[in-house]
Amino acid sequence: MKAKEMWLAIFVFMVVVITGCSQKVEPVAIDEKNDKCAVCHMAVGNNQFATELVLKNGRVLKFDDIGCMYRWMKEHESETVEATFVRDYETNDWMEARKATYVYDQTIHTPMAYNVISFNDEDKAKKFVEQHGGTVLTYSELDRHTWERNKEMMMEMKKEHMKMEKQKGDHMGN
C-alpha cells in the first residue's frame, strides 16, 4: 500500500509541475490613473496604443506606444522577455505581439509619434493601408524598423498640449 501511495504522490506532483510550467501568460489590465510608460513615463491610456511586456520573472512593463516598448527591449537586451502584447487598432483587444500585423506611416498619430499601429487581422491592416496609406509590416520586420520618432508630429503635439494647458489656466482664473 505504501508503494502505491508513493507512486500516486509522484504522479500528482508531476501533473502539478507540468501544468504549472505551461501556464499561459496574459496581459494585465491598464490602470489609467497609475500606469506610466516604462520608457517615457507618460500616462498609459487604456486604448489601442497601449502595449505590455512580461519578463521571465513575472514583472509587467507597460508602454504608451509600440515604439517605446521596442526602445526598452533594445536598451535591455539582457532581460528575458516572456511575452509581448499589443492592442488591435480597431477593437482595442489584446493580442500577442508576434501574431499581430503592423502598419507604419509618418501620418499615423501615436502617443510618442513612432507612427506604428497593430492589427489582429492582416486583411484589416491591408485595408487600412489602402484607405490611408502606409506600409504593412510583420512582427519579424519590426526588429529591422528604424523606430525614429516623427519630430514634426512631436512638435505639433507639444504645441497643442501647451495650448490646452494655457486654456485650462485661463478657465481657472490665472
Side-chain angles (χ1 to χ4, degrees), residues 25-55 59-77 79 81-122 124-169 171:
V25 178
E26 298 287 337
V28 177
I30 299 293
D31 178 358
E32 288 186 323
K33 292 181 181 178
N34 297 306
D35 288 337
K36 303 282 185 238
C37 177
V39 170
C40 67
H41 308 290
M42 299 294 286
V44 177
N46 191 23
N47 59 33
Q48 72 265 46
F49 304 111
T51 67
E52 294 182 354
L53 65 80
V54 181
L55 299 177
R59 185 173 162 215
V60 177
L61 300 174
K62 298 175 183 181
F63 305 90
D64 64 339
D65 192 301
I66 294 172
C68 287
M69 181 172 71
Y70 270 83
R71 182 172 154 196
W72 187 94
M73 288 190 297
K74 184 175 180 131
E75 292 173 358
H76 298 87
E77 290 177 346
E79 294 281 353
V81 176
E82 183 76 19
T84 53
F85 298 100
V86 295
R87 284 195 144 155
D88 182 82
Y89 182 73
E90 294 178 339
T91 67
N92 289 353
D93 292 339
W94 286 109
M95 65 191 136
E96 292 179 48
R98 63 184 169 80
K99 294 181 179 178
T101 302
Y102 300 87
V103 172
Y104 166 76
D105 191 80
Q106 281 190 316
T107 63
I108 297 173
H109 285 263
T110 65
M112 296 308 293
Y114 285 104
N115 315 108
V116 175
I117 54 177
S118 50
F119 291 86
N120 193 27
D121 181 273
E122 182 180 359
K124 288 183 180 181
K126 289 178 179 178
K127 186 176 180 180
F128 181 92
V129 168
E130 286 174 14
Q131 293 175 348
H132 305 285
T135 304
V136 174
L137 301 169
T138 64
Y139 178 72
S140 61
E141 290 173 321
L142 292 179
D143 285 335
R144 295 184 300 273
H145 185 66
T146 60
W147 294 110
E148 292 178 18
R149 292 167 68 186
N150 183 330
K151 291 180 180 154
E152 288 178 27
M153 188 176 288
M154 287 300 298
M155 291 303 293
E156 288 175 27
M157 291 185 333
K158 188 174 183 177
K159 285 179 187 175
E160 187 64 30
H161 179 73
M162 288 171 53
K163 182 179 172 183
M164 288 173 35
E165 287 297 314
K166 183 179 179 342
Q167 288 174 347
K168 183 177 167 184
H171 290 298

Worksheet item: Which residues pass the ring-ring contact (aromatic ring centres under 6.0 Å, His included) test with F119, sequence neighbours left out?
Response: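 If we apply the ring-ring contact (aromatic ring centres under 6.0 Å, His included) test to F119, skipping adjacent residues, the hits are Y89, F128.
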Worksheet item: With W147, which residues qualify under ring-ring contact (aromatic ring centres under 6.0 Å, His included), at least two apart?
Response: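 Testing W147 for ring-ring contact (aromatic ring centres under 6.0 Å, His included), a comparison that skips the adjacent residues, returns Y70, H145.
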Output yes when a side-chain donor or acceptor of [X] lies under 3.5 Å from a complementary backbone atom of [Y], and no otherwise.
| X | Y | answer |
| --- | --- | --- |
| N46 | E32 | no |
| D93 | D88 | no |
| T51 | F85 | no |

Fill in: Member of L61, D64, V86, V39 meeting the side-chain contact (heavy atoms from CB on, under 4.5 Å) criterion with M69
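Exactly one option meets the side-chain contact (heavy atoms from CB on, under 4.5 Å) with M69, and it is V86.
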Discussion item. Looking at every heavy atom in both Q106 and N150, which two are closest together, and how far apart are they?
Written reply: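 Reported closest heavy-atom pair: O-ND2, 2.8 Å.
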Discussion item. Tell me the closest heavy-atom pair linking L53 and M73, and the distance in Å.
Written reply: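 Smallest heavy-atom distance, with atoms named: CD2-CG, 3.7 Å.
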Practice prompt. Return the set of residues passing salt bridge (charged side-chain N to carboxylate O under 4.0 Å, His left out) with E122 (not counting sequence neighbours), or none when no residue passes.
Written response: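 E122 satisfies salt bridge (charged side-chain N to carboxylate O under 4.0 Å, His left out) with K126 only.
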Worksheet item: Applying salt bridge (charged side-chain N to carboxylate O under 4.0 Å, His left out), which residue pairs with at least one partner in residues 130-145 are found, sequence neighbours left out?
Response: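 As it turns out, there is no salt bridge (charged side-chain N to carboxylate O under 4.0 Å, His left out) pair with a partner in residues 130-145 once direct neighbours are skipped.
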Worksheet entry | Residue pairs passing the salt bridge (charged side-chain N to carboxylate O under 4.0 Å, His left out) test where at least one lies in residues 97-121, sequence neighbours excluded |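 Of all non-adjacent pairs touching residues 97-121, those that pass salt bridge (charged side-chain N to carboxylate O under 4.0 Å, His left out) are E96-R98, E96-K99.
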Worksheet item: In Å and rounded to the nearest 0.5 Å, what is the NE2 to SG distance from H41 to C68?
Response: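 Here the rounded value is 9.5 Å.
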Discussion item. Going by the rule side chain to side chain contact (heavy atoms under 4.5 Å, CB included), which residues pair with K36 if we only count those two or more places apart in sequence or in a different chain?
Written reply: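 K36 satisfies side chain to side chain contact (heavy atoms under 4.5 Å, CB included) with A43 once adjacent residues are dropped.
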